[in-house]
Number of protein chains: 4
Amino acid sequence: MSPRSQIQNEKIRSESTGKILEAAFRLMVKDGYESTSISQIAKEAGVSKGLMYNYFRSKEELLNALIKKTIRDGEKIMGNIYSENPAVTLENVFRWFFNELRNNLSEWRFVSEIMLKADKYPFVKEIITIKMSEYMKFFSDLLTKLGFKNPESEAYIIGGLMDGIGFACLVVGEEYPIDEMEKYIIDKYCKN
Amino acid sequence: MSPRSQIQNEKIRSESTGKILEAAFRLMVKDGYESTSISQIAKEAGVSKGLMYNYFRSKEELLNALIKKTIRDGEKIMGNIYSENPAVTLENVFRWFFNELRNNLSEWRFVSEIMLKADKYPFVKEIITIKMSEYMKFFSDLLTKLGFKNPESEAYIIGGLMDGIGFACLVVGEEYPIDEMEKYIIDKYCKN
Amino acid sequence: MSPRSQIQNEKIRSESTGKILEAAFRLMVKDGYESTSISQIAKEAGVSKGLMYNYFRSKEELLNALIKKTIRDGEKIMGNIYSENPAVTLENVFRWFFNELRNNLSEWRFVSEIMLKADKYPFVKEIITIKMSEYMKFFSDLLTKLGFKNPESEAYIIGGLMDGIGFACLVVGEEYPIDEMEKYIIDKYCKN
Amino acid sequence: MSPRSQIQNEKIRSESTGKILEAAFRLMVKDGYESTSISQIAKEAGVSKGLMYNYFRSKEELLNALIKKTIRDGEKIMGNIYSENPAVTLENVFRWFFNELRNNLSEWRFVSEIMLKADKYPFVKEIITIKMSEYMKFFSDLLTKLGFKNPESEAYIIGGLMDGIGFACLVVGEEYPIDEMEKYIIDKYCKN
DNA sequence: TATGAATGAGACTTCATTCAT
DNA sequence: AATGAATGAAGTCTCATTCAT
């Protein structure tokens, strides 16, 4: 009789977009952005191709939404990492980072793939530039508190290091001495 | 109508493969591997599509050959970098590296793109794993000579740092403080 | 929760269909029948897609209703054109016609587009055949009163002329010598 | 062994493009431009969809080629129409025109449909504007020789008339008094 | 009466690859 | 060794229409 209420619709919409984004994330993390087709995502999400275009105007916009969701999820995690003691905070960051590499390497690959597309998709560049400067500020503050002489440059070192180690893990996988590196870096930055 | 001699054929072959590989490199560096089509490469190389399949069984094999050639070219450059003084050698490496980022960032992007495909294309993983251990050995030896306490771990740090800084440059481009980082890293590793 | 009365319902129905038909007309005049989607019409009309299918079983039937409405609207205008003096009536027709071309060319395009679909949509053919014979009768009577020798054939000439001039205006637009033609035709048919 | 000669290739190409253009013409004349799909054309022409894009970069470019070919074909016919006696030439034009309406009405519809798209496809407008002015010149010259007082305006009348009559035939089909109109118009313009 | 989420067929297009010559 | 015409699977996207509420 009467149409669905706004609340009902909102629920339906968020469930569907949720299913789609999750399916997209799963597949793109596994196969990469370009290699994942809209059809596959629709099938994985259990919806029709048409519905996807109901919620996301294009594959690119789906990527956009996916990135934003991923960043939001990431920020929730960052909340749990903070400690009163800056050395502990930094250690938590490193431990979290290496655990990510150990457990969610595919996600790392996806993020890397997307970052490499910064040139092709302007919104990627925009988002990442912002996030990057946030992270640099975060590390820089931490390192200042820890008494480092060049906290800014050292922040860039840490950022680069993390990207680079992630990258190396992606490429050589099991061969990377991940445990040793974790210990070495934590010792170097947090233990003194 | 006499048949071509083996030597003539060999020359023709190497000229054609050369043209093709150079064209492929140029285009893939510019647009990426996936976005570069066989047709474009053939046109850029001035040969027919058919001929490409005469020399390379598939696009993937062309990539394989391209990687090997790129590595060979890279090795020639590494020869000019070596000095009697290990600190100077290391500084040369860093200077070469930052200049690459400044002048040939696109090539760096291409290499990164390919490395991320290590999972998809086994030969990529194989080649890179070998090269990586070579580089690690090279840095490790250098750092040993320079008196570093943990030359192996530190070598991984340097390797990661380079990957990571390259990555960051790719993503944020002009915003990256490349000159400062060059100075900071050279000071840190080579000046004392 | 008392049910709406029949009268209320009737009013609602006619308001909704009115809004839909007007929106459809506006958009189809602008973009053409095929290029106007049901979604666009619904949005322009401020109703839901579902409601459209409540009133019109298909896009084709919407077109049908639109044509009928357009013809009804046209007939109202024709009422204002009639004069005691047949020469004046004919001149009024011509002046109205050329002003339509000057001011509402898009509508003319839409009508032409639809007429060309007569084969595809039988109801179009049916409606137009009836209207055409009415117009021919109208012109024929007028020309008889004006003393033309072959009023029937001449009526067909006038009808064809109007279609053809409208068509030419659509195609070449500004380049068509619309003012000269108006004067020439009025002189020819109404001035003597 | 050796690749095909240029001549062989040229022949193959022109055969294929010929097949494609003919199939496209057949289908578009029957169903209209928009309603004819690339797939249908490929099937009708007995080639693959891919091949179509080998020869025509897009559906729009196929239309472009089709229009040009149609105009070329039309010009060949116009050659046979010319006579020393201008009255005879004009009569030939009218007879040819009415025969077209009798025998190839579908083609007329196609041409009309395309002309209505002049706004959407700039190349259509360009081509048609040129052709139109050629025809107007042709008629104007003829009418001058025949001693008409306002040959230019009268040329526009004739052009419009032909478009309009064609249009009417398309719409009402069999009901149109085509034979009477032919006689009437020829009498009016050619029998002094 | 009214909504809008959902569907699925079908549109245009790209591209690695094959093969007759 | 070399050509380029031909293929067909797969991709992204649109849209009229249905249906639960």
Side-chain angles (χ1 to χ4, degrees), chain A residues 1-6 8-9 11-13 15-17 34-40 42 46-60 62, chain B residues 3-4 8-9 12-13 15-16 34-42 47-60 62, chain C residues 3-4 8-9 12-13 15-16 34-42 47-60 62, chain D residues 1-6 8-13 15-17 34-40 42 47-60 62:
Chain A
M1 297 307 163
S2 56
R4 293 190 199 86
S5 72
Q6 266 195 310
Q8 280 174 309
N9 271 328
K11 196 178 155 221
I12 290 174
R13 288 179 67 84
E15 268 172 18
S16 287
T17 49
E34 313 254 35
S35 299
T36 302
S37 75
I38 292 286
S39 298
Q40 287 172 323
V47 303
S48 67
K49 253 186 300 182
L51 191 62
M52 306 221 21
Y53 284 88
N54 203 327
Y55 293 125
F56 305 101
R57 250 184 304 236
S58 67
K59 194 183 176 185
E60 205 174 310
L62 171 60
Chain B
R4 283 186 280 266
Q8 279 175 314
N9 272 337
I12 291 173
R13 286 183 69 86
E15 268 174 17
S16 289
E34 312 253 37
S35 299
T36 302
S37 74
I38 292 286
S39 296
Q40 286 173 316
I41 297 171
V47 304
S48 67
K49 262 188 290 187
L51 191 61
M52 303 209 31
Y53 280 85
N54 205 328
Y55 293 127
F56 306 100
R57 245 174 315 198
S58 67
K59 194 183 178 184
E60 203 175 312
L62 171 60
Chain C
R4 282 185 280 267
Q8 278 176 314
N9 273 337
I12 290 173
R13 285 183 69 86
E15 268 174 17
S16 289
E34 313 253 35
S35 299
T36 302
S37 73
I38 293 286
S39 296
Q40 286 173 315
I41 297 171
V47 303
S48 69
K49 261 188 291 187
L51 191 62
M52 303 210 31
Y53 280 85
N54 204 329
Y55 293 127
F56 306 101
R57 244 175 316 199
S58 67
K59 195 184 177 184
E60 204 174 311
L62 171 60
Chain D
M1 301 303 164
S2 57
R4 293 190 198 86
S5 73
Q6 265 196 309
Q8 279 175 308
N9 271 328
E10 187 49 47
K11 196 179 154 221
I12 291 174
R13 288 179 67 85
E15 269 172 16
S16 288
T17 48
E34 314 253 34
S35 299
T36 302
S37 75
I38 292 286
S39 297
Q40 287 172 322
V47 303
S48 67
K49 255 187 297 184
L51 191 62
M52 307 221 19
Y53 284 87
N54 204 328
Y55 293 124
F56 306 100
R57 249 183 304 232
S58 66
K59 195 182 176 185
E60 203 174 313
L62 171 60

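In what follows, every chain begins at residue 1, and chains take the letters A, B, ... in the order their sequences are listed.
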A.B. asks: State whether B:Lys59 places a side-chain N or O below 4.0 Å from either non-bridging phosphate oxygen (OP1 or OP2) of E:dA16.
C.D. replies: yes
A.B. asks: The side chain of A:Arg4 is closest to which nucleotide in this list: F:dA10, E:dA5, E:dT1?
C.D. replies: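 Of the options given, the side chain of A:Arg4 lies nearest E:dA5.
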A.B. asks: Measuring to OP1 and OP2 of E:dA6, would you say a side-chain N or O of A:Asn54 lies under 4.0 angstrom away?
C.D. replies: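 Checking A:Asn54 against E:dA6: no side-chain N or O falls below 4.0 Å of OP1 or OP2.
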A.B. asks: OP1 or OP2 of E:dA2 sitting under 4.0 Å from any side-chain N/O of C:Tyr53?
C.D. replies: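 No, outside the criterion.
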A.B. asks: With heavy atoms under 4.0 Å as the rule, sort D:Asn9 into base, sugar-phosphate or nothing.
C.D. replies: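 D:Asn9: backbone/sugar contact only, no base atoms under 4.0 Å.
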A.B. asks: When you check the phosphate oxygens OP1 and OP2 of F:dT12, does a side-chain N or O of A:Ser58 lie under 4.0 Å from one of them?
C.D. replies: no
A.B. asks: Using the side-chain heavy atoms of A:Leu51, tell me which of these nucleotides is nearest: E:dT18, E:dA6, F:dA2.
C.D. replies: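 So the nucleotide nearest the side chain must be E:dA6.
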A.B. asks: For D:Ser16 and F:dA6, is the shortest distance between a side-chain N/O and OP1 or OP2 below 4.0 Å?
C.D. replies: yes
A.B. asks: OP1 or OP2 of F:dA6 sitting under 4.0 Å from any side-chain N/O of D:Tyr55?
C.D. replies: yes
A.B. asks: Reading DNA chain F from 5' onward, which residue's closest nucleotide shows up sooner: A:Gly50 or D:Gly50?
C.D. replies: D:Gly50
A.B. asks: Going by purine N1 to pyrimidine N3 plus the second Watson-Crick contact, or the G-U wobble pair, all under 3.5 Å, which nucleotide sits opposite F:dA1?
C.D. replies: none
A.B. asks: Rounded to whole angstroms, how far apart are CZ on B:Phe56 and P on F:dA1?
C.D. replies: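 Checked: the CZ to P distance equals 12 Å.
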A.B. asks: F:dG4, OP1 or OP2 - any side-chain N/O from D:Arg13 closer than 4.0 Å?
C.D. replies: no
A.B. asks: Could you work out which one of E:dA2, F:dA5, F:dA16 sits closest to the side chain of C:Ser37?
C.D. replies: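 Among E:dA2, F:dA5, F:dA16, the one nearest the side chain of C:Ser37 is F:dA16.
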